[in-house]
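Step one of this worksheet: look at the structure below.
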Amino acid sequence: MQRTIAGETILVPVRGGIADVMNLYVLNPTALALWELLETPRTLEELAEHLTRSTDGEAGEVQRDCREFLQRMEELGLVESL
Amino acid sequence: MDAFRRKAVRNRVPVSGMLELTRRCNLRCVHCYQQGERNVHLPTETALRLVREAADCGTLFLTLTGGEPLLHPDFPHIYRACREAGLVVGVFTNGTLIAQKHIELFQRWPPRLVELSIYGAGAETHDRITGVPGSFAQTLAAVRRLREAGVSVGLKTVILQVNLGEVRGMQRLASELGVPFRVDPLLFGNHAGGGQRALALRAAPEAAVRCELDDHSRAAQWRDYARRWSAWSDDRRLFRCGAAITGFFIGADAVLAPCALALNHSVPLNGVHFREAWERLREVPAMEAPADYPCARCELRAWCSSCPALAWMEKGNELVPVEYACEIARWRARLLGGESRAEARPDLHAVPMPG
């Protein structure tokens, strides 16, 4: 569940295994933007394109950041590849 | 999370609280600080409303406690509502009432920690303290079942004269069970009712502190706290913790307090939104200690776990020292290497006038 407390966005695992509930995840504004985009399935390229448009980042660098973010989210079981 | 915590303090967000679901308990522990009417349940509708309202105000961590919280007839419903509201939930329980339905509930909606109290390394001492034969076996069985079910579970104890010699045994037991264990050396009393009985049950301060510091991580925490203390020592506030800044306690009689002990600052919650009651507690963390507050000048304060709330609970006066806590602090300072300055100085204790 996504909660906003004291101006921070926090992901609170509500259901799942014991390991999941032991961690909370605080999202920075960029991560929050990606997380919200991921409400519907997106490709890596779509996410990177969105982020490149909304930031001053260089396209290759932004895509690399997005890939790392998605990998981390997947490891944590917060997103899954389709 | 550090940035989050700093923001929560700055904005006075009630991030972390305790919810006392009931004052009833099925054990009769000799040292219990609960006094007065015990047959008090927080009505389910009130509990559900307060959970929703607290979550809306930014509560993230909530511990369900009692009495024995599982005696609340709607414990499962309230627990689930907490998790559905996005709260990270802990449960303080004696474990004797944990049934299959609770285990399934915890598996489906995992708690951060279910923490059970034990008072001895074996049934004889534990059951003597709880006043209920068979309670040790029930508590241990609950730990095993929770552990096997993959639920996060831990054990805690408080040091008394009668279990002092069993603390290491309890530690070993926790290790064998594969669960964390923590020790509280500071048994406190209650100025009301028969709450002074607990004071006679306290272990000698030196022995209690030696037991506490057997846990090396606890010793390291105290050293770290004492090191950081100098940065806060000019702070004039009476309450120096997070009470009523990020922390709160909801009593079973539907009151909001800064913590479970500072009930003298309670404000009503019946018919009152959590936000409004929280706002009414705003003045508590802003209170300044009076010029003659003895603890403000105490050099042992960096080693002390007492506070105005504990003093109020035990003495009925938040501005007087709790002598046992002073001795505990003195021994921490001595054993952890910070006592020399305090010990070498002339000492004149303020003693409140009788009556």
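Within every chain, numbering begins at 1; the chains are lettered A, B, ... in the order of the sequence lines, protein sequences first and strands thereafter. In this text the structure is predicted, and so the values were computed from the model without any measurement. Basis for what follows: all heavy atoms, side chains included, without hydrogens, waters or symmetry-related copies.
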Is [X] atom [atom1] crowded by more than 12 heavy atoms from other residues, nucleotides or ligands, each under 6.0 Å away?
X        : atom1 : answer
B/Glu283 : CD    : no
B/His77  : NE2   : no
A/Glu39  : CD    : no

Exercise for the section: For A/Val12 and B/Gly86, work out which heavy atoms get closest and say how close. Expected result: CG1-O, 3.6 Å

Problem - Heavy-atom closest contact (B/Phe61 atom, A/Leu24 atom, distance) - result: CZ-CD1, 3.5 Å

Exercise for the section: Could you tell me which portion of B/Ala85 (side chain, backbone, both or neither) has an atom closer than 4.5 angstrom to a non-hydrogen atom of chain A? Expected result: backbone

Side-chain atoms of residues 64-80 of chain A: list all donor-acceptor pairs with protein atoms under 3.5 Å, sequence neighbours left out, distances to 0.1 Å.
| residue | atom | partner | partner atom | Å |
| --- | --- | --- | --- | --- |
| A/Glu74 | OE1 | A/Ser81 | OG | 3.2 |
| A/Glu74 | OE2 | A/Ser81 | OG | 2.8 |

Problem - Choice from B/Val15, B/Leu113, B/Leu60, B/Val89 maximising heavy atom contacts with chain A below 4.5 Å - result: B/Leu60

Fill in the blank from the handout: So CG of B/Asp56 and CD1 of A/Ile5: to nearest 0.5 Å the spacing works out to 10.5 Å

Problem - Spacing of B/Arg6 atom CZ and A/Glu8 atom CD [to the nearest 0.5 Å] - result: 9.5 Å

Problem - 4.5 Å side-chain heavy-atom contact, B/Leu87 and A/Arg3 - result: yes

